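Right, one structure below, let's go through it.
Below, read A as the first sequence line, B as the second, and so on, with proteins coming before strands; counting in each chain starts at 1. Please read these numbers as outputs of a predicted model, since none were measured by experiment.
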Number of protein chains: 2
Amino acid sequence: MLATAAARSPSVAVDRPPISPRARDDEAAQTMRRVAETLALVADAVPVQRRLLRPGDAVYQAGQRFTHLHLLNAGFVKVVNLSADGRDQIVGLKFRGDWLGFDGIADGVHGCDAVAMDTGEAWSLPYDALVDACAQRPRLMGKLHRAMSRESARDRHSLMSVCTLPADARVAEFLRNWAQSLSGRGLRADQILLRMTRAEIGNYLGLTLETVSRALSRLARERLIEFSDKGRRDIHIRDADALAAFVQLSLAPDLSVLQ
Amino acid sequence: MLATAAARSPSVAVDRPPISPRARDDEAAQTMRRVAETLALVADAVPVQRRLLRPGDAVYQAGQRFTHLHLLNAGFVKVVNLSADGRDQIVGLKFRGDWLGFDGIADGVHGCDAVAMDTGEAWSLPYDALVDACAQRPRLMGKLHRAMSRESARDRHSLMSVCTLPADARVAEFLRNWAQSLSGRGLRADQILLRMTRAEIGNYLGLTLETVSRALSRLARERLIEFSDKGRRDIHIRDADALAAFVQLSLAPDLSVLQ
DNA sequence: CGGGCGTTTGAATCAAATCAATTGGAGTGG
DNA sequence: CCACTCCAATTGATTTGATTCAAACGCCCG
């Protein structure tokens, strides 16, 4: 856990928009609208090739030439980065409405694998055609840019979690993010069916599989989550706010000092 | 340190382009050319507002409305993410030729502070004008997209380092990246003048300042780096390859098994 | 000179990794 | 149906590496 704050001159302080408790709901609605708009806008701008995904299918693979961007219309995809020495790490999880393939734009070759973890559907868009379409339609370009920017922001956020949170809170935050992704897409967010092993979760969070298992057990013991009868991959979140509070708590261990 | 690899079906294996030892040099040349091109291309496409930076100046701040993207023409900038609870974390370091401000595109408001750590110069470009220019010039749009994609790739890479490397290797990797950034801009890469405190480095790497200090001492003891007479922030890299090898080594502790 | 800050270094503590054993389910075949 | 294997998951005991707490040093600057 980090103790040290970056030095920051007090003179650059500025008003930060407060994050209201109901911002979450608005965000969910926004996300849904955005996804629908994107799908519609893209559909009549470029030739879309729909592609059915089965668990284990690769949407694209590291080393492949980059030709298409993809929109995930259904399902759930993990993005895996393989380093030169053969080690790999899950660097992103993608849900409905997310774009896939931005990593290939930089140098024309994909740097990651994108692997479906569930049946789903990807819309593949030829990048060149998309660029042309963007030149015609500023709104489409705006959407694309915002999607890329949002992806960065998310990466940044997950980086912060990984760096600053202790193991239990990291797992809690992982579940919270998952639930949020679900609710942002209009799905029920209190029931999560993990389609990943403990090892994969650990890989994603920078923990060992044993630590993930222990963390889940502790969260269950604290009654923050509940395992369903169906198995230990089916998790019920009784109280999302309590989960969020738990994460916050482990960031500020002694708030008694503040008051 | 991670032990577990993500499950990956063997069927999706694909040829990965090998990273040759001279790829580094090519990349440096490429980077320089790219930076020069970008500066030129942008200059006559949109109204550029040059802005002198002094250490501590904010290029932009979290909470501000997003209006401009910035190109860093000289100097060195840290990007700081402040979370709701007041904690902050350095999420990026920017050098000459890097873009600044992508994080604001997503929702029209900046989510980070970008603070100069050195005298320098930023070129500020009105985003709207830039979008218009992109619609006219596909090459400019390509440049912009590639820059955004490259930023993601870098974030991803630093995420992996933070997740997988032990403290010493993390610091070594930090220095290696810094040196690479310098050489990519045509500057001498064997002499690094850190303009960050140990606390800031630790914040960036997910370590405490003491651990950073110890790691640097150990690297110096191993003769992988050398402190200059001028002070403990001035670091000489005697052998960049040895540094890289050190990082690799801590990923694969027992290569004896392989042979 | 003395105070403040950044840095180094040591000793004790603690959280997560590692090592190891066991349990639980899903699938297979006798 | 049961015995069997295989793999995921859990749980415990131990070790390790980073943090924490603490002290001291070097340095710049008023």
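Applying the 3.5 Å distance criterion, the base of C:dG25 shares no donor-acceptor pair with the side chain of A:R232. No N or O donor and acceptor, one from the side chain of A:R233 and one from the base of C:dG25, sit under 3.5 Å apart. Put simply, the side chain of A:R218 and the base of D:dT11 share no donor and acceptor less than 3.5 Å apart.
Looking at the side chain of B:S213, the nearest of the listed nucleotides C:dT8, D:dA13, C:dG6 is C:dT8. The side chain of B:T208 lies closest to D:dT20, out of D:dT20, C:dA17, C:dG6. Listed candidates were C:dA16, C:dA17, D:dA18. Nearest to the side chain of A:P166 is C:dA16.
Here C:dA16 presents its C1' atom at 11 Å from CG of A:D168, a figure rounded to the nearest Å. Atom CD in B:E210 sits about 12 Å away from atom P in D:dA22, given to the nearest Å. Rounded to a whole Å, the CZ atom of B:R198 is 12 Å from the P atom of C:dG6. Counting to the nearest Å, the C1' atom of D:dC27 and the NZ atom of B:K230 are 17 Å from each other. Following rounding to the nearest Å, B:M196 (CE) and C:dC5 (C1') show an atom-to-atom distance of 17 Å. If you take CG of B:L207 and C1' of C:dT7, they are 16 Å apart, rounded to a whole angstrom. Going from atom CG of B:N203 over to atom P of C:dT7 covers 14 Å, rounded to whole Å. In this entry the distance linking CZ of A:F227 with C1' of D:dA8 reads 13 Å, nearest Å.
Under 4.0 Å is where a charged nitrogen must lie from a carboxylate oxygen, and between B:R170 and B:E173 no such pair does.
Between B:S217 and C:dT8 there is no side-chain N or O to OP1 or OP2 distance below 4.0 Å. Between C:dA17 and A:T211, a contact under 4.0 Å exists linking OP1 or OP2 to a side-chain N or O.
For the atom pair CG (B:D168) and CG (B:L224), the distance works out to 10.0 Å, reported to the nearest 0.5 Å. Expressed to the nearest 0.5 Å, how far OG of A:S161 lies from CG of A:N177 amounts to 6.5 Å. Here the CG-CZ distance, from A:D103 to B:R156, works out to 5.0 Å after rounding to the nearest 0.5 Å.
When each of A:H70, A:R154, A:R150 is paired with A:D98, the side-chain hydrogen bond (donor to acceptor under 3.5 Å, both in side chains) condition holds for A:R154 and for no other.
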